[in-house]
Amino acid sequence: MAPGELLTGTEGGALLAAAVLLPFVGMLAGLLLGGRWLPRVAFVLMPLGLGVALAIASARADADGPLVYLLGGWSPPLGIALRADGAAVAMLLAVAGVVCGIGAFARGDFGLAPGAGESRGAFAYWLLLLAVWGALNLVFVSGDLFTLYVALELLTFAGVPLVCLAGSGETLRAALRYILFALCGSVLYLLGAVLLYGGYGTLDMPLLAGALQPEPIAYAALALMTAGLFAKTALFPLHLWLPPAHGGAPAAASAVLSALVIKGSWFLVLRLWLDVMPGVANAAAAQLPAALGAAAIVTGSVVALRQQRLKLLVAYSTVAQIGYLFLLFPLAFDAAGDMTLREVATSAGVLQAIAHATAKAGMFMAAGLVYAALGHDRIDDLAGAAKALPVAVAAFLVGGLALMGAVPSGAYLAKKLLLGSAATSGQWWWTWVLQGGAAFTAGYVVLVALRVFRRPPAPLADLKPVSALSQWAALGLAVASLLLSLAAVWGPLPPDLLAKAFSLEELAMLPVLFGAGALLVAALARSPLTGSSGGAARPGFAGLGTAFEAGDRLVRQWAPAMLALLLVAGTCGWLLARG
Amino acid sequence: MTIETLFALTACALVGIGLYGLIAQPHPLRKLVAFNIMGSGVFVLFGALAKRGAAAGLPADPVPQALLITAIVVAFAATAVTVALLVRLIEATDSASLADAPPRE
Amino acid sequence: MSALLDGFSVVAVIAGAFFYLAGTVGLLRFPDAYTRLHALTKADNLGLALVVAGLLPQMDGLLAAGKLVLVWLLVLLSSAVVSQLIARSARRREARP
Amino acid sequence: MSTVVSAAVVLLLLWLAVWTVVARDAFLAVAGFVVYGLLLALVWVRLAGIDVALTEAAIGGGLTGALLLGAVGRLRGTEAATATEGASAGARAGAAVLAVAVTAALMLGVLVLPEPVPTLAPLVVPAMPATGVGNPITGVLLAFRALDTLLEATVLVIALIGVWSFAPDRAWGGRPGPRYQTDPDGVLAWLARVLPPIGVVIGIYVFWAGADHPGGKFQAATILAAMWMLVQMAGLSDAPRTSHRGLRAGIVAGPLVFIAVGVLGLWAAGSFLAYPPGLAKPLIVVIEVALLPTLVLVLALLMNGPPRRGGPA
């Protein structure tokens with residue numbers, strides 16, 4: 001084959017390979033140069049990577065369909081193709097942005113002082129941040145199930161050491177639990193991919209989408225892959241590893257884990273169900289991820305409200321928000337059970353994922369700053385924090401506001417799209433879950449706000465200085481989340497989505513949510529709010545809160561979690577087959 | 001029964017055996033061994049499917065076989081990371097328990 | 001000629017397999033580490049030698065035959081060293097308590 | 001006859017797997033796993049996967065087994081402690097039921113696999129001449145799916161970064177693994193002097209043969225890494241400091257050269273990871289030669305574990 005005839009895909013496709021490889025090249029260069037070069041290499045890579053993502057976005061805007069790149073000129077099923085549709089481009093851009101924000105924040109923790117040698121933390125952090133970035137880009141653009149398996153493993157191997165950067169026994173235990181459970185998830189995923197190859201002779205997603213038949217091998221494969229990916233995403237009740245891992249890591253690492261790493265496996269579930277499986281999935285089976293998501297929202301939120309430490313509160317809020325990310329699956333189906341609302345569901349999911357990535361990164365960073373400045377992050381003792389650390393506290397609250405779907409946040413638009421789908425398809429029950437999830441989020445914003453704005457009993461002594469850049473990076477990410485829907489509507493989504501955003505009825509939603517959130521806090525939080533609320537109903541509700549905590553502890557043990565994993569796979573397969 | 005069906009069925013059983021060990025054995029090292037058995041079951045299944053796909057004069061479909069080499073190496077990397085973590089955990093805490101530390105009030 | 005060589009192969013390989021069997025029985029039945037090692041190394045080395053010798057006439061070409069001999073030599077080398085090491089550590093463990 | 005042998009292998013394999021999972025203690029389980037790994041190599045031979053068999057024997061059975069054996073020696077009585085927090089009888093019963101259910105479901109799926117058998121072999125064969133190599137598996141690994149192989153090398157490097165990052169802070173930049181003190185006139189030192197030259201020759205042979213016959217860089221790298229480990233364990237040489245610049249250069253050389261060849265393809269052949277016509281074989285050799293030291297170093301260092309002594313001076 002002469003070079004001229006080589007089939008390589010669409011215009012600008014080579015950028016996809018660049019997006020994947022640049023971070024890895026940076027990681028290798030950082031490993032070689034070491035020492036004080038580590039942050040420098042990362043800071044060179046960040047604008048470069050962002051530039052590549054922007055170039056991809058512009059190439060995608062000029063193209064008619066998805067960008068495609070055939071590596072080595074070999075087309076699937078023999079070769080591997082990289083593809084970027086709208087969802088992938090949005091995720092590429094968002095991850096590049098969040099990595100830049102987190103990188104700016106982490107300079108405070110892992111930037112090396114002049115004259116200091118290479119430290120373990122800086123070495124691991126910068127190299128693994130780049131590795132996570134490359135692996136995520138690969139997840140977004142790869143169309144091959146086996147390459148995606150390798151990408152997921154890359155993500156796990158890069159994520160696990162981030163959990164135990166602090167090196168304490170507890171974080172090592174969290175990391176060990178994480179890797180064992182995640183490996184189990186990967187092996188189930190690989191098993192599903194193997195079955196698909198055995199059935200259809202290809203691992204390429206578009207080819208599979210055309211070949212899949214509603215038959216046992218497809219049901220088994222998709223059920224196994226779905227369950228494995230749920231485990232890697234930490235969807236309730238498979239979240240045993242998440243709270244200690246995300247709560248125990250240094251803030252800069254928690255932000256990476258919570259904002260970015262879990263999005264990889266989640267994005268793959270999205271791809272599988274909406275792009276690969278349309279011929280196999282059915283509306284009944286799609287209720288499963290959303291039902292688990294609803295359970296995640298309730299359990300994660302209640303347990304979050306009962307945490308005593310800010311970082312653990314944020315970690316449990318991630319458990320709840322992961323649930324929110326799975327509500328879109330049944331809402332891709334219309335009332336007749338056909339997948340006609342797929343585009344809307346995908347848009348809503350990607351928006352929600354980006355909103356969560358930006359807001360959650362900002363919130364973890366804010367929690368880390370509070371810890372660094374005060375020397376603790378006990379929620380009860382946060383009085384005066386707003387005055388001492390205005391920017392960090394603002395980042396936390398703006399992030400919370402964005403997550404609960406205040407206009408014009410990305411979460412607002414995502415919720416609006418899903419509410420529309422729920423109404424169209426007649427699945428009214430998800431309306432309640434969508435609004436309830438927002439109320440719970442409002443709950444922990446209220447919980448924290450009530451404390452940080454109080455006057456401290458004694459003036460806060462010996463505050464440690466924290467980097468201003470770090471604070472502004474946190475606030476920047478949170479604000480980006482709050483303004484996300486403006487960017488989305490300016491970009492690919494129809495502008496009339498925001499037409500009524502500032503109407504009275506939409507704006508009135510906010511105080512309603514806050515009110516509901518305050519009620520939830522009063523009923524469920526561990527310590528009564530300000531002494532005044534509570535009342536007669538409290539003991540009963542507090543008992544409910546304790547019950548949720550006990551349930552959470554139970555499913556976070558190894559054997560129940562593993563059994564749940566298999567049960568999820570079995571239920572999913574059964575629902576698909578019954579279809 | 002053809003040899004590839006025999007090995008494919010064996011592979012399914014290996015996956016089940018590994019899964020049981022992964023759930024029931026408390027020690028992380030035992031879980032890791034069980035994980036490796038489960039993984040090898042998946043690999044053997046892939047290999048049996050590759051043998052089933054023998055065509056065009058090749059004794060087996062070479063694509064799965066090449067992927068298997070990658071997968072075996074990745075599984076080794078996973079084992080190496082896990083072992084290093086486990087040994088470090090034992091050094092740091094004198095315990096290999098995966099259970100949460102008792103809640104501190 | 002070829003029938004003769006085939007016959008030699010069969011006899012040698014069966015004899016080799018017998019030594020393996022004997023070695024394995026010894027490994028399972030003998031009382032302590034030293035006697036077990038004795039059974040294992042003696043029988044396995046001789047067994048492998050016979051199997052290799054039996055297979056030599058069946059190989060096509062000197063290079064392939066050379067590889068077989070190399071395999072045998074390498075196994076001899078490593079099993080001799082490893083049984084030394086095992087015996088030594090067994091003796092140390094005995095001396096300790 | 002052949003089916004009888006296969007059936008025997010299968011029975012032995014299943015028995016070993018069960019024995020490994022239920023064995024009384026971790027040492028027995030790991031010992032069982034090592035034997036299991038060797039038997040697995042036999043399964044691959046029967047499944048016409050000589051390349052896979054070699055990889056399985058070298059990495060799946062050999063290196064993984066050695067790694068697990070090393071870990072068993074450092075459990076320090078943690079087994080008895082965790083035994084008390086094992087799964088309850090109910091959980092075990094549930095595990096057994098669900099494991100059997102998964103097995104049964106998979107078996108059903110395998111028995112109703114579609115006909116005609118899907119396979120990519122008919123696509124591989126006509127595409128092989130363009131790659132210039134004779135072994136179809138090498139063709140898949142380094143031409144059609146070269147990205148996977150590049151990522152695989154990257155996975156190993158990331159795993160190594162992860163393993164190193166588990167080091168205690170005081171040992172950062174130091175040497176991994178224990179310092180072996182062995183009798184310089186002892187039998188192990190003797191083996192470590194005699195065996196490596198032979199091992200290096202065999203390793204390079206396996207590496208070179210991989211282009212056209214079963215074999216290749218992973219199998220070769222395992223043999224070479226084992227030789228290096230042997231020299232270390234005999235106390236003849238110490239592991240290098242993890243901060244050593246030359247060591248790090250060797251680790252990153254493979255993937256970087258791979259990417260550079262890919263970019264060359266972009267420039268000269270129009271696509272990343274494409275080979276210009278006629279240059280496929282030489283470029284594949286360049287990649288493999290660059291990957292070999294990387295793989296040897298990374299495999300051996302993964303076995304060594306995190307740096308633990310002789311931190312920054």
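Hydrogens, waters and symmetry mates are skipped; everything else that's a heavy atom, side chains included, is used. Lettering of chains follows the sequences in order, A, B, ..., and the numbering in each one begins at 1. Everything numeric in this text was worked out from a predicted model, so none of it was measured.
B:Thr93 places no side-chain N or O within 3.5 Å of a backbone atom of B:Ile90 that could act as its donor or acceptor partner. The backbone N or O of D:Leu141 lies less than 3.5 Å from a partner atom in the side chain of D:Thr149, making a donor-acceptor pair. Under the 3.5 Å distance criterion, the side-chain polar atoms of B:Gln25 are left unmatched by any main-chain donor or acceptor of D:Val22. Checking side-chain atoms of D:Thr154 against main-chain N and O of D:Leu150 turns up a donor-acceptor pair under 3.5 Å. Without hydrogens or angle criteria, D:Arg145 side chain to B:Ala66 main chain gives no donor-acceptor distance under 3.5 Å. Side-chain atoms of B:Arg88 come within 3.5 Å of backbone atoms of D:Phe166 as a donor-acceptor pair (strictly under, hydrogens ignored). Listed for the D:Arg309 side chain is a donor-acceptor partner under 3.5 Å among the backbone atoms of D:Gly177.
The OH atom of B:Tyr20 sits 11.5 Å away from the CD1 atom of B:Ile17 when rounded to the nearest 0.5 Å. Here the OG1-CG distance, from D:Thr222 to D:Leu299, works out to 5.5 Å after rounding to the nearest 0.5 Å. Between atom CG of residue D:Leu108 and atom OG1 of residue D:Thr103 there is a gap of 11.0 Å, rounded to the nearest 0.5 Å. Taking CH2 of D:Trp15 as the reference point, atom CG of D:Leu39 lies at 11.0 Å (rounded to 0.5 Å). Here B:Leu32 contributes atom CG and B:Leu86 contributes atom CG; the two are 8.0 Å apart, rounded to the nearest 0.5 Å. The CE atom of D:Met107 sits 11.5 Å away from atom OG1 of B:Thr5, with the distance rounded to the nearest 0.5 Å.
Per-residue counts of heavy-atom pairs under 4.5 Å with chain D were compared for B:His27, B:Lys51, B:Glu4; the largest is that of B:His27. Among the candidates D:Leu120, D:Val72, D:Val18, the residue making the largest number of heavy-atom pairs closer than 4.5 Å to chain B is D:Leu120. In terms of heavy-atom pairs under 4.5 Å with chain D, the best-connected choice from B:Ile3, B:Ile69, B:Leu45, B:Leu67 is B:Ile69. Comparing D:Ala101, D:Pro168, D:Gly109 by heavy-atom pairs within less than 4.5 Å of chain B, the highest count is held by D:Pro168. Between chain D and the residues B:Leu19, B:Thr2, B:Asn36, the largest count of heavy-atom pairs under 4.5 Å involves B:Asn36. Note on B:Ala8, B:Ser40, B:Ala34, B:Ala54: by heavy-atom pairs under 4.5 Å with chain D, the leading option is B:Ser40. Put simply, of B:Val33, B:Val83, B:Thr70, B:Leu68, the one with the most heavy-atom pairs under 4.5 Å next to chain D is B:Thr70. Between chain B and the options D:Phe33, D:Trp44, D:Phe218, heavy-atom pairs under 4.5 Å are most frequent for D:Trp44. Heavy-atom pairs under 4.5 Å with chain B peak, among D:Val163, D:Leu295, D:Leu98, D:Leu111, at D:Val163. Ranked by heavy-atom pairs shorter than 4.5 Å toward chain B, the options D:Thr20, D:Leu13, D:Val100 are led by D:Thr20. Heavy-atom pairs under 4.5 Å with chain B peak, among D:Leu11, D:Leu156, D:Val21, at D:Val21.
For chain B, no part of D:Ala104 is nearby; none of its heavy atoms comes within less than 4.5 Å. For a residue to count as touching a neighbouring chain, one of its non-hydrogen atoms must lie under 4.5 Å from one of that chain's; by this rule B:Val81 touches chain D with backbone and side chain alike. Contact of B:Leu29 with chain D is made through the side chain alone, with heavy-atom distances under 4.5 Å. Heavy atoms of B:Leu58 lying under 4.5 Å from chain D belong exclusively to its side chain. Contact of D:Leu40 with chain B is made through the side chain alone, with heavy-atom distances under 4.5 Å. With a 4.5 Å cut-off on non-hydrogen atoms, B:Arg52 touches chain D through its backbone and its side chain both. Using a 4.5 Å cut-off between heavy atoms, B:Val44 touches chain D through backbone and side chain atoms alike. With a 4.5 Å cut-off on non-hydrogen atoms, D:Pro306 touches chain B through its side chain but not through its backbone. Within the 4.5 angstrom heavy-atom criterion, only backbone atoms of D:Asp25 (N, CA, C, O) approach chain B. Of the two parts of D:Leu160, neither the backbone nor the side chain holds a non-hydrogen atom closer than 4.5 Å to a non-hydrogen atom of chain B. Contacts of B:Leu89 with chain D are absent, with no heavy-atom separation under 4.5 Å from either backbone or side chain. Heavy atoms closer than 4.5 Å to chain D are found nowhere in B:Leu22, neither backbone nor side chain. Heavy atoms of B:Ala75 lying under 4.5 Å from chain D are absent altogether. Heavy atoms closer than 4.5 Å to chain D are found in both the backbone and the side chain of B:Ile72. In this structure, no portion of D:Val298 lies under 4.5 Å from any heavy atom of chain B.
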Apply side chain to side chain contact (heavy atoms under 4.5 Å, CB included) to the pair D:Met303 and D:Leu63, showing each step before the final yes or no. CA-CA 8 Å; D:Met303 301 291 295; D:Leu63 287 186; 4.0 Å; yes
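Of the N and O atoms on the side chains of B:Thr79 and B:Thr82, not one donor lies less than 3.5 Å from an acceptor on the other residue.
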